[in-house]
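Taking it in order: structure first as structure tokens, then the write-up.
These numbers come from the heavy atoms of this one structure, side chains and all, not from hydrogens, waters or symmetry mates. Because the structure is a prediction, the values reported are computed rather than measured. A, B, ... follow the sequence lines: proteins, then strands. Residue 1 opens every chain.
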Amino acid sequence: NAGVTQTPKFRVLKTGQSMTLLCAQDMNHEYMYWYRQDPGMGLRLIHYSVGEGTTAKGEVPDGYNVSRLKKQNFLLGLESAAPSQTSVYFCASSRGTEMAGELFFGEGSRLTVL
Amino acid sequence: TQLLEQSPQFLSIQEGENLTVYCNSSSVFSSLQWYRQEPGEGPVLLVTVVTGGEVKKLKRLTFQFGDARKDSSLHITAAQPGDTGLYLCAYTTSGTYKYIFGTGTRLKVLA
């Protein structure tokens with residue numbers, strides 16, 4: 001069972017380059033999320049989506065854009081990467097049929113910006 | 001700004017010892033979740049608590065939600081090396097479905 005799949009798993013960028021992280025889920029979940037994880041900071045919410053065609057800002061949205069054109073995919077874009085965006089990025093999804101439903105996470109994407 | 005403070009930040013104990021980690025906030029939550037994350041993987045849900053004063057047990061793990069629903073604790077009895085990982089608490093905000101995570105407690109259980 002695939003669950004939540006993130007691509008790529010590793011990427012090195014130079015400052016100013018752009019890239020897109022892809023998250024795909026095969027569980028027909030309504031809600032999807034992008035988090036970043038830095039040492040000592042836990043997980044911080046970047047953007048989230050409560051359905052196809054909708055997105056909303058989280059705690060740390062600056063420098064990122066997202067799109068949810070298809071229900072199963074949630075894309076995270078960096079238009080002009082900065083060293084401060086070096087982090088491990090996690091995508092998650094939930095059914096959305098109940099409050100405080102279980103979040104299902106991908107394995108993470110490690111991004112280094114030089 | 002992180003609204004959830006977890007303590008301690010790091011904990012290293014011997015196999016067989018008991019431990020408690022805490023998740024605290026000044027805000028009232030409608031529900032609170034605990035996740036465990038192992039190296040190289042995403043977090044996995046352990047439990048959800050929704051009622052003030054609620055206690056849930058999962059084998060050797062005991063979770064408690066404070067009476068005022070502002071804090072929670074996780075107690076592990078007779079810790080094992082397999083309990084090693086990062087423990088994260090998270091809350092959801094009513095009406096928005098955002099999941100906000102705490103700063104995490106990194107636990108290492110030595111054999």
Item to check | Part of Phe104(A) within contact of chain B (heavy atom distance under 4.5 Å) | outcome: neither

Checklist entry - Donor-acceptor pair, Tyr99(B) side chain versus Tyr33(A) backbone, under 3.5 Å? => result no

Item to check | Per-residue contact mode, Leu45(A) against chain B (heavy atom under 4.5 angstrom) | outcome: side chain

Checklist entry - Can you tell if the side chain of Tyr97(B) reaches within under 4.5 Å of the side chain of Ser94(A), non-hydrogen atoms only? => result no

Checklist entry - Looking at Ala90(B), Pro43(B), Gly104(B), which makes the most heavy-atom pairs under 4.5 Å with chain A? => result Pro43(B)

Checklist entry - For the hydrophobic clusters of this structure (ILVMFWY residues joined by side-chain heavy atoms under 4.5 Å, transitively), does one cluster hold both Met19(A) and Tyr64(A)? => result yes

Next on the checklist: Grouping I, L, V, M, F, W and Y whenever their side-chain heavy atoms are under 4.5 Å apart, do Val88(A) and Ile46(A) come out in a common cluster?
Outcome noted: no

Checklist entry - Given that the side chain runs from C-beta out, which part of Gln37(B) has a heavy atom under 4.5 Å from chain A: side chain, backbone, both or neither? => result side chain

Checklist entry - Do Leu107(B) and Phe63(B) share a hydrophobic cluster (ILVMFWY, side-chain heavy atoms under 4.5 Å, transitive)? => result yes

Next on the checklist: Please tell me whether Leu32(B) and Val28(B) are part of a single hydrophobic cluster in this structure, the criterion being side-chain heavy atoms less than 4.5 Å apart.
Outcome noted: no

Item to check | Gln37(A), part contacting chain B, at a heavy-atom distance under 4.5 Å | outcome: side chain

Item to check | Student check: side-chain heavy atoms of Leu43(A) and Tyr35(B) closer than 4.5 Å | outcome: no

Next on the checklist: Using modelled atom types and a 3.5 Å cut-off, is there a donor and acceptor pairing between side-chain atoms of Gln33(B) and backbone atoms of Gly101(A)?
Outcome noted: yes

Checklist outcome for this item: The interface call for Leu86(B) against chain A, heavy-atom contacts under 4.5 Å, is side chain

Checklist entry - Rounded to the nearest 0.5 Å, how far apart are CZ of Phe90(A) and CD of Glu41(B)? => result 9.5 Å

